[in-house]
Amino acid sequence: MSKRTVSKKGEREAGKKEGREGADGEERDVIVDTVARVMIPLSQMFALYVMIGTEGAGGGFQGGVIFAASLILLATVFGVKKGRDVLPEGENAILSSLGLYIYAGVGLLCMVLLWGAAEYLNYGAFPLPVEYALRRGYLVTYAVEVGIGITVATVFASLFFDLAWREDVLGRDEGRRDL
Amino acid sequence: MVIGLKAIHFVGILTVVMLLALFFYVLEDVPAFGDPHSPVNERVLLFRIKATDAIVDDLNRGILPDELRAEFERRGLDIDGAVVRRVEEGEGKEGGYDINVHLNESEYNTREPEIPCYFVNVSEEIRIYRYTPAIRYKERTEEECGVPNMVTAVLADYRGYDTLGETTVIFTAGVAVILLLRRYGRL
């Protein structure tokens, strides 16, 4: 019998003292705990690199999915409740629409800042003090791709959190009845 | 009020109506194929030579002039079986000549036998342009968009409307799942 399924009181207390307590009060495996603690920040850094670093392959979609994968790893290891504490429902909804607002808003700002002289999504007309090609490049890299990444990351994390719930704790009908 | 409308509901309805009006105002400004001054919607200038009467006569008769053929061959461009067709000056486009090139790669080729590849504009001098956008993506991405990655430039700059729609699709899928399955604080 593995250490994880045994829930003796003494071991549970020891796990709590070290901060290695799972979702249902059991002690987590040391290896899983350590690997997750190392991998989550690394994969989040890699997600930002894929999102913004235009030198290599990738872009907003791929970077956002990698970031969502790090949040899903956090939720699988530390429990769904801990994962929801990191990304609460309200912030999740706000962020997933914020990314789209950034993308469409940059396109609208090109029109608004020039009083209608430029077209929608005409990045080259945006009043930045650099030359034409670099203006397009900066807006694509730091506004459009980041907007796509925020939307994709939060939408995929929200898909996981909305689908991950325990039937044996609440019951299927009990959870839905009083919505 | 029978259904219990509060002031905040009217504010919400007003915001939605104003956003809708803004959307229709923006829609007036959206061109059919994206930004018309975007680099991808303009032709690439290949080279320019001096205009002479012989060249213009040849172009009017539908023959590719020898000077132009020599320039094309010097740049290694395939110009075999080229046909010159006159393009009338229309609304929003300048007049000139299309150079159509035959593509006889295989007998199973189901495409049109000739496609317009180059465009000739005659004014004080003769300017020769190239049409195909794929070549532009490959050759000009870095100097036109300032992004070293070709895929990023095509995705977010040349095809910006498409990507905006894709992001909206993902956002809509997320909202649908939230409306159907979210348990609002119950885990």
Side-chain angles (χ1 to χ4, degrees), chain A residues 23 53-61 64 79-81 84 89 92-93 96-97 99-100 103-104 107-108 111 116 118-125 130-141 144-145 147-148 151-152 154-156 158-159 161-166 169-170 175-176 179, chain B residues 19 22-42 140-187:
Chain A
T54 48
E55 296 276 339
F61 288 101
V80 178
K81 193 169 182 306
R84 260 305 182 209
E89 285 171 349
N92 198 333
S96 60
S97 50
L100 203 54
Y103 192 164
L108 198 63
M111 273 177 65
E119 290 83 6
Y120 187 59
L121 286 181
N122 189 351
Y123 309 127
V130 284
E131 55 171 310
Y132 177 79
L134 277 182
R135 258 178 274 162
R136 299 186 87 96
Y138 283 158
L139 282 185
V140 163
T141 311
V144 171
E145 295 281 3
I148 295 171
T151 296
V152 171
T154 48
V155 161
F156 273 78
S158 131
L159 288 188
F161 284 128
D162 288 344
L163 292 173
W165 50 282
R166 292 176 54 131
V169 173
L170 279 172
R176 297 294 300 171
L179 283 184
Chain B
L19 277 177
L22 183 67
F23 172 73
F24 277 106
Y25 176 71
V26 169
L27 201 67
E28 284 283 305
D29 206 34
V30 172
F33 297 102
D35 169 20
H37 303 297
S38 160
V40 78
N41 286 329
E42 288 167 5
R140 302 253 170 156
T141 292
E142 185 141 18
E143 75 181 73
E144 281 176 353
C145 297
V147 179
N149 190 351
M150 190 179 95
V151 178
T152 303
V154 172
L155 183 96
D157 197 332
Y158 291 135
R159 298 271 171 246
Y161 281 104
D162 188 24
T163 312
L164 182 59
E166 280 168 23
T167 316
T168 316
V169 166
I170 288 181
F171 173 67
T172 314
V175 168
V177 170
I178 285 174
L179 289 178
L180 287 173
L181 293 175
R182 176 161 283 189
R183 292 159 54 77
Y184 299 102
R186 291 168 166 274
L187 290 172

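Labels below follow one simple rule: chain letters A, B, ... track the order of the sequence lines, proteins then strands, and each chain is numbered from 1.
The contact between A:Ser97 and chain B is made by backbone and side chain atoms together, counting heavy-atom distances below 4.5 Å. Heavy-atom distances place no part of B:Val151 under 4.5 Å from chain A, backbone and side chain included.
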Start with the C-alpha distance between B:Ile170 and A:Phe61, add both sets of side-chain angles, then the distance that settles side chain to side chain contact (heavy atoms under 4.5 Å, CB included), and finish with yes or no. CA-CA 10 Å; B:Ile170 288 181; A:Phe61 288 101; 3.7 Å; yes
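Side chains of A:Ser158 and B:Ile178 form a contact here, defined as non-hydrogen atoms less than 4.5 Å apart.
In terms of non-hydrogen atom pairs under 4.5 Å with chain B, the most contact-rich of A:Leu134, A:Leu100, A:Asn92 is A:Leu100. When each of B:Leu164, B:Thr167, B:Val177, B:Thr163 is scored by its heavy-atom pairs under 4.5 Å with chain A, the top score falls to B:Leu164.
The heavy-atom pair separating B:Ala156 from A:Val144 by the smallest distance is CB-CG1, 3.9 Å. Nearest heavy atoms, B:Gly160 versus A:Leu121: C-CD1, 4.0 Å. The minimum heavy-atom distance linking A:Tyr120 with B:Tyr161 is given by the pair O-OH, 3.3 Å.
In this structure, OH on A:Tyr132 lies 8.0 Å from SG on B:Cys145, to the nearest 0.5 angstrom. Remark: B:Leu155 CG to A:Ile148 CD1 distance equals 6.0 Å, nearest 0.5 Å. Considering CZ of B:Phe23 and CG of A:Leu108, their distance stands at 12.0 Å, rounded to 0.5 Å.
Taking a 6.0 Å sphere around CZ of B:Phe171, one finds it holds more than 12 heavy atoms contributed by other residues, nucleotides or ligands.
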